[in-house]
Structure formats: C-alpha cells, structure tokens
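Read the numbers this way: they start at 1 and go in the same order the structure lists the ligands and their atoms. Keep in mind the model is a prediction, meaning the values are calculated, not measured. If you read the sequence from its start, that first residue is 1, and numbering goes on from there.
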Amino acid sequence: MSEYRSLSRGELSELLAELKDKFTHYREKGLSLDMSRGKPGGEQLNTTDKLLDALGSESRKLTENGFDVRNYGLPDGIPECKRLFSGLLGVPAENIIVCGNSSLNLMFDYISQCMTHGTGGCEPWIKQGNVKFACPVPGYDRHFKVLEYFGIEMINVPMTAEGPDMDVLEELIKDGSVKGMFCVPKYSNPEGITYSDKTVERIAAMKPAARDFRIIWDNAYIVHDIYDEGDTLSEIFAQCKKYGSEDMVIEVVSSSKITYPGAGVAAIAASNANIAEIKKRLSVQTIGHDKVNQLRHVLFLKDADGIAKHMEIQAEHLRPRFALVLQKFENEFSGKGIAEWTKPKGGYFINLVVPDGCASRVVALCRHAGVTLTDAGAAFPYGKDPNDSNIRIAPSYPSLDELSAAMEVLCVCVELAAVEKLLSE
Ligand SMILES: Cc1ncc(COP(=O)(O)O)c(C=O)c1O
C-alpha cells in the first residue's frame, strides 16, 4: 500500500473512526442487495422475450430435414441449430452436438464419462488412482465444484494478463496423473481476461504425459463484448490442427447469456473421435433434448450475424453497470494503494484485488450491511484463496440505483478492512 501506508498510526485511527461511522450509516439503511452471481437483470431478460413468440402454435414445427421437433429423436440436435453453433464457434457442424439448456451440465457429464469409462482408449480415470487437474486461478467456482465432487485433485496455475501461466502449465503436464484443465478462454470468469494468440497456440502445442489429457474449453463468453471494440480469441481447433492435438480439446458453449440463462441451448464441440465417444454415451442417456427450444432459438437468432446484433442490445444493459463500478473504484481507490481491479472489455465480471488477508473481512462486512457478494475464496479450488485478496464483482443483476448503493457500501468496507489491517501490522 502506498498512500495509506504512509499515514501515521494517529491518522489511520482517525480514518478508521470515520469509516466506522460511514459503515454504521449504511448498515442502518437496511439494504438487501444480491450481487453474488453473474445473472442478467429482469430488463435485460425482457430484450429476449420475442424468443417466446418465435414458435407460436400455428408456426412451423418441422426441421429443415422434415423432423417433427415435438417428438423424440435427434439426440445430437436439429441440423439448423448445429449450423447456428457452427457459425458461432467456427467449427464444422458435424463436430457439434446440440443439447439441453446448460453447458455446466455438459461439462459435468463429460467428466463423469471420463471417470467411469475413460477416454481415448485409456483406463477410466477412477481406476487410475489419484487424478489431478490444472486450475487457472482465479477461475469459475462451479468448475472447481465439479472437480471436487469427483474427488479430482486441483492444482493452482496462476493467471497472467494473457491467460494461464504457460511455463507453470507446461511443467505440470509432464506428470501423467494430471488429466486436464477447465478454462474460460474469453472474458474469463472472474477477471475478464482473453487468452492471447500466443497462449492459445502454446496450449494447442502442449504434449501432456497423459494420453487422456482433456482441456474443457468453456467458451461461455464468446460473443459477450461490452464495447464496440472487443477482444478476439484465436479458434482453438484450428490451432490444434497444426499440432495434431484436436483430441485434447472439448469445447462447450451455451446461449445462457445470449438469450435466457434458465432456458437457453448448450452445445459441445469436439474432434471426430471425441464426438463418437460422447454420442455413444448420449444414446443411452437421452432419446433427445428439447428440440422445440432449439428451433425457437434458430428462428429468433437466425445466424451468427443475428447473434451479434442481439448481443449489441445485451451490451447496452451491461455497459452502464460496468462503467458505474469502474468509475466508483477509480474515484474511491485511486492513489490510496488499497485495491486493484480489472477493466474487461466483455463478459460478466470485474475482479477486485484487496490487500492480502482482507477479502473475507470485506465480504463479511458487506453482508452485515445488506450487500451479498460472491463468497471470498470462491474463485479458487476448495474455496481457498491463498492470499485472501480476491473479490468477484458481478454487476449485471441489480438495477443501476441498487448497484450504486451496493458500490458505496463495498468501497467503505474495502477501506475499513484495509485500514484495520494497516493498524494491526
Ligand atoms: C464460465 C462459465 N461457464 C458456464 C456457466 C454456466 O453456463 P450454463 O448456463 O450454460 O450452464 C457460467 C455461468 O455463469 C460461466 O460463468
């Protein structure tokens, strides 16, 4: 800490008393604001409501190859929806399976399949003893929960401004018990980092000791730019092709944050061999996903251009929320040396880093004052942030007024925790 660090103990004590008064003032307001998850707000959801009319009872119910979407069948999805995702991902339609409403579900099922049946002709992971995953941190809490559920050991790999620290990752994969990695390559959750071309190429070029090493390329924020100028992400399978490593990557995506998070469409993209393995399991698991919803999405979104236009409308809702948070941080923290934060060009999150040892105190103080944030530590395996310094900010859900009130509280709590810490040193 620079500026606050240079204050005398007397000055810090005075500041602490002021901050405590401010905190009491906010606590007495009896706020009840939830910023714990990256969900669209109600108004943002309304912008998608024409989706509900896209398939009225009088309209078409047949796919382009004459299949009735109301009936059982087509477990790998309707052809026009495969084409929609093909346009979105830049992957051939035959390498895509369109499924139900959740990509998290697809990831869980894929890990489960590797555990019980193995992949690439290798032994099931559960028979291979202690299996491990590389985990870029901070990361998406639900990835870590899936791994924890299956008893897969998680090893932290620090994130850099260009993606995971590749020197660390390349070293880690020399261990044959390291079987994979979950990652969010564009507008990562929670930092909003997009992997650089060099990082994507180094990932594609990896030669892990484990033949059954799998990267779950979770492209949840692939088209989620907030500004006209967004980040670009190199297409992973094109890079893998150069190195013959297509079997190493399983890509997932969904329309959760394009249309409705509870009623979107999810898809999985993979090499021919991996698609064959997944289809074999799916043929037992389901007689078909919700094809009515798949067709509705095609009629509403149309194609990749249609998706891009719809995302511009979504961005109009997110932009002022991101601007409000960033402006507030700038106003309240600049020059004090008590916080750093990311300035993403897209996605759903801003990452705030407070002094070591202060994140859980900040989150607890906020909760006390009626503002619920994502739990401190959630962005790390086992819920343990080694520095206790990381806080995920999810500005999408509250109204602008609520967000502004929540930011007032958060900023006071960060200062309070930081000054307490300085006084305790
Ligand atoms: C990185 C990431 N992946 C997946 C999901 C969940 O996606 P789905 O709704 O498709 O299950 C989220 C939701 O916040 C996410 O942030």
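- For Asp212, the salt bridge (charged side-chain N to carboxylate O under 4.0 Å, His left out) test picks out Lys179, with sequence neighbours left out.
- For Glu80, the salt bridge (charged side-chain N to carboxylate O under 4.0 Å, His left out) criterion is met by Arg60, not counting sequence neighbours.
- No salt bridge links Asp388 with Arg361; every basic N to acidic carboxylate O contact stays at or beyond 4.0 Å.
- Checked against salt bridge (charged side-chain N to carboxylate O under 4.0 Å, His left out), Lys302 has no partners two or more places apart in sequence or in another chain.
- The closest side-chain donor-acceptor pair between Lys132 and Ser177 falls under 3.5 angstrom.
- Protein residues are said to neighbour a ligand when one of their heavy atoms lies under 4.0 Å from it; for ligand 1 these are Ser102, Ser103, Leu104, Met107, Tyr140, Val184, Asn189, Asp218, Ala220, Tyr221, Ser254, Ser256, Lys257.
- Classification of Lys186 and Asp231 as a salt-bridged pair fails, no side-chain N sitting under 4.0 Å from a carboxylate O.
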